[in-house]
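Fair warning: this is a prediction, and the values are worked out from it, not measured in the lab.
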Amino acid sequence: MAELKINKENFEKEVLKSDKPVLLDFWAPWCGPCRMLSPIVSEIAEELKDKVKVGKVNVDEEEELAAMFRVSSIPLLVVMKDGKVVNSAVGVRPKDQIVGML
């Protein structure tokens with residue numbers, strides 16, 4: 001299962017009520033660092049698909065969600081468990097550091 005496209009319609013079901021931890025990647029198509037991070041996030045989604053849900057949030061399309069998380073810089077990675085933010089990091093991170101956040 002690849003990353004899920006998260007929007008305000010599926011946010012509650014896929015993120016808040018998820019039975020697994022969720023890694024959210026807040027990004028935009030025009031953001032260079034976001035494009036650098038994307039293949040790493042895809043790899044994590046594939047390798048940890050049984051343990052973790054990975055969602056992508058396009059901040060240009062989902063302004064409401066971006067505002068809810070007070071996104072001021074992207075890429076922003078947010079880890080959620082049981083509907084609560086448990087970890088977050090701004091900027092490109094190595095894969096092992098992202099996995100460590102989970």
Side-chain angles (χ1 to χ4, degrees):
M1 178 178 102
E3 306 98 324
L4 297 163
K5 183 176 179 182
I6 300 297
N7 54 43
K8 63 179 188 272
E9 285 76 37
N10 69 4
F11 180 77
E12 185 175 346
K13 176 182 169 274
E14 297 293 354
V15 179
L16 296 180
K17 294 185 175 171
S18 174
D19 54 348
K20 302 179 194 171
V22 181
L23 174 65
L24 291 176
D25 176 15
F26 288 87
W27 69 287
W30 47 264
C31 163
C34 299
R35 290 197 303 268
M36 288 168 54
L37 187 63
S38 194
I40 298 169
V41 171
S42 295
E43 234 176 80
I44 291 169
E46 195 51 46
E47 289 173 13
L48 300 179
K49 63 180 175 247
D50 299 332
K51 299 183 191 111
V52 177
K53 212 183 261 192
V54 177
K56 307 270 288 177
V57 182
N58 182 327
V59 295
D60 290 342
E61 293 173 2
E62 299 300 328
E63 292 175 10
E64 234 175 271
L65 289 177
M68 193 164 91
F69 283 87
R70 295 186 176 94
V71 178
S72 57
S73 298
I74 53 175
L76 170 67
L77 295 172
V78 175
V79 178
M80 297 191 66
K81 287 183 184 162
D82 303 320
K84 293 177 180 57
V85 175
V86 293
N87 216 330
S88 66
V90 174
V92 178
R93 295 273 185 275
K95 182 177 165 187
D96 61 334
Q97 210 174 53
I98 299 168
V99 171
M101 288 171 57
L102 296 165

S42 side-chain N/O to S38 backbone N/O, donor-acceptor pair under 3.5 Å: yes
Whether N7 side chain and N10 backbone form a donor-acceptor pair below 3.5 Å: yes
List the atom pairs, donor and acceptor, that lie under 3.5 Å between side-chain atoms in residues 79-91 and the rest of the protein, sequence neighbours left out.
residue : atom : partner : partner atom : Å
K81     : NZ   : L102    : O            : 3.3
N87     : ND2  : M101    : O            : 3.4

Residue list, salt bridge (Lys or Arg N to Asp or Glu O under 4.0 Å) with E61, at least two apart or on another chain: K5
Geometric class of the F69/F26 ring pair [parallel <30°, tilted 30-60°, perpendicular >60°]: tilted
Among N58, L65, D25, the one residue meeting side-chain contact (heavy atoms from CB on, under 4.5 Å) with I6: L65
Qualifying residues under salt bridge (Lys or Arg N to Asp or Glu O under 4.0 Å), relative to E62, sequence neighbours excluded: none
CD on E64 to NZ on K8, rounded to 0.5 Å: 5.0 Å
Considering all heavy atoms, the nearest P29-R35 contact: O-NH1, 2.8 Å
Student check: side-chain heavy atoms of K51 and K20 closer than 4.5 Å: no
Shortest non-hydrogen contact between V92 and P33, atoms and distance: CG2-O, 3.4 Å
Side chain K53, main chain E14, donor-acceptor under 3.5 Å: yes
